[in-house]
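Note sheet for the following structure.
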Amino acid sequence: MSSTFEPSLSTSTMRPPLSSADAPSMADSLPNINFGFDDLRDRMAKFTIRFDNFIEQGRKRVLEERNQFRMNVAELQEDQRMKKKDIEILSLKTNTHQQTLAKEAAETNEMQAAIASLTAQRDAQNATRETLKQQIADTQKQIDARLAAQRAHAKHIDAQSRFNIPELDFWTSNLGLLMDGAGLNDRLKFGFTHIDDRDWTREAWFELDTSKREYEIRSCKPKLEKEKMERVLDKLNETRDLRFLLKGMRELFVEAMNE
């Protein structure tokens, strides 16, 4: 009446081996939460369109205003130079006239002609001076108007940026997104935490170069396969949708850290 106890049989029926492909993962044990991805995608798409339009329009406007400002400054400098030169010429002629008047008092007729000529030149110089003053005043008004428009635009952008904060709250609070400047113009740094199952504080990051029409990733940590990153960049440059970049790069970081 002896019986044989087989622990291996009971264990195998109660728990599958850890190497099985059907073993539940940590993500399957988490509660199913609806994060509203459809609404987020729509909002992020709109935000990306507005962001790209703002960058493009801003570049054109700044370039046009800078070129126009340089032209105006050059014209003012040239006008000032000519005015100074005309004043110097007039001063020289006046001195010469005074010396001639003192030395050649007998030549009244010639001196009267010279005086008439100088009077005409003085009138012309006065007219030119008034014209230049009016041009300078008009240019100053244009500069003031542009500065006021720039200040109003900056105030509008500052007010608009407050509405963009909720759109990024989901990425920063739920997916561990970090955004910062990379120390260079047209360069952004994106970072992620909570992607390494062994260390939630471990950070992965990449730098996005937006100086060209086709965006590029200049560096990243940890290193990723170039072909996979290029597929993510192709999708970004094709759609101009920033959410594809964030989602794709986060997936690549998760895959690289948990291999």
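- In terms of heavy-atom proximity, L224 sits nearest to A256 at CD2-CB, 3.7 Å.
- Residue L76 shares its hydrophobic cluster (ILVMFWY side chains chained together at separations under 4.5 Å) with I136.
- When the side-chain hydrogen bond (donor to acceptor under 3.5 Å, both in side chains) test is applied to N126, the partners found at least two apart in sequence or on another chain are R129.
- More than 12 non-hydrogen atoms from other residues, nucleotides or ligands lie less than 6.0 angstrom from CD of E78.
- T210 places no side-chain N or O within 3.5 Å of a backbone atom of Y215 that could act as its donor or acceptor partner.
- Residues R202 and I195 are not in side-chain contact: their nearest non-hydrogen atoms beyond the backbone lie 4.5 Å or more apart.
- Under a 4.0 Å N-O distance rule, the pair K228/E255 qualifies as a salt bridge.
- For the residue pair E216 and K212, the shortest heavy atom distance occurs at OE2-NZ, 4.1 Å.
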**Request:** Apply salt bridge (Lys or Arg N to Asp or Glu O under 4.0 Å) to K60 and E64, showing your working.
**Result:** CA-CA 6 Å; K60 291 181 180 179; E64 292 174 357; over 6 Å; no

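- In this structure, CG in D199 is found 10.0 Å from NE2 in H194, a value given to the nearest 0.5 Å.
- Using a 4.5 Å heavy-atom cutoff, the side chains of S219 and F206 are not in contact.
- S91 places a side-chain N or O within 3.5 Å of a backbone atom of I87 that can act as its donor or acceptor partner.
- In this structure, OG1 in T94 is found 12.0 Å from CG in L101, a value given to the nearest 0.5 Å.
- Between Q125 atom CD and L132 atom CG the span is 9.5 Å, to the nearest 0.5 Å.
- In the hydrophobic clustering of ILVMFWY residues, with side-chain heavy atoms under 4.5 Å counting as a link, M44 and L178 come out apart.
- Residues M179 and F253 are members of one and the same hydrophobic cluster, defined by side-chain heavy-atom contacts under 4.5 angstrom among Ile, Leu, Val, Met, Phe, Trp and Tyr.
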**Request:** Could you walk me through whether K235 and E238 pass the salt bridge (Lys or Arg N to Asp or Glu O under 4.0 Å) test, one step at a time?
**Result:** CA-CA 5 Å; K235 188 67 174 178; E238 178 183 354; 5.1 Å; no

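- For CD of Q68, the number of neighbouring non-hydrogen atoms (other residues, nucleotides, ligands) closer than 6.0 Å is greater than 12.
- The CZ atom of R50 sits 13.0 Å away from atom CD1 of I55, with the distance rounded to the nearest 0.5 Å.
- Proximity of a side-chain donor or acceptor of R198 to a complementary backbone N or O of M257 within less than 3.5 Å is detected.
- With contacts defined as side-chain heavy-atom distances shorter than 4.5 Å, the pair V232/F244 does not qualify.
- A salt bridge does not link D86 to K83: none of the charged nitrogens lies less than 4.0 Å from a carboxylate oxygen.
- For the atom pair L252 CG and M229 CE, the distance stands at 8.5 Å (nearest 0.5 Å).
- Look at D79 and K84 and you find no salt bridge, because none of the NZ, NE, NH1 or NH2 atoms lies under 4.0 Å from a carboxylate O.
- The ring-ring contact (aromatic ring centres under 6.0 Å, His included) test applied to F192 returns no partner, not counting sequence neighbours.
- Inter-residue side-chain proximity for M249 and I217 is flagged as met; some heavy-atom pair is nearer than 4.5 Å.
- Of all heavy-atom pairs between R243 and D241, the closest is NE-OD2, 2.6 Å.
- At a threshold of 4.5 Å between non-hydrogen side-chain atoms, the residues H97 and L118 count as touching.
- The structure places CG of N67 at 10.5 Å from CD of E65, a figure rounded to the nearest 0.5 Å.
- Side-chain atoms of Q134 and D138, non-hydrogen and from C-beta on, do get closer than 4.5 Å to each other.
- Note on F190: it clusters hydrophobically with L40, by side-chain heavy-atom contacts below 4.5 Å among ILVMFWY residues.
- L233 and L208 make their closest contact through CD2-CD1, 4.3 Å (heavy atoms, listed as atom of the first residue, atom of the second, distance).
- At a threshold of 4.5 Å between non-hydrogen side-chain atoms, the residues T193 and W205 do not count as touching.
- At a threshold of 4.5 Å between non-hydrogen side-chain atoms, the residues E207 and C220 do not count as touching.
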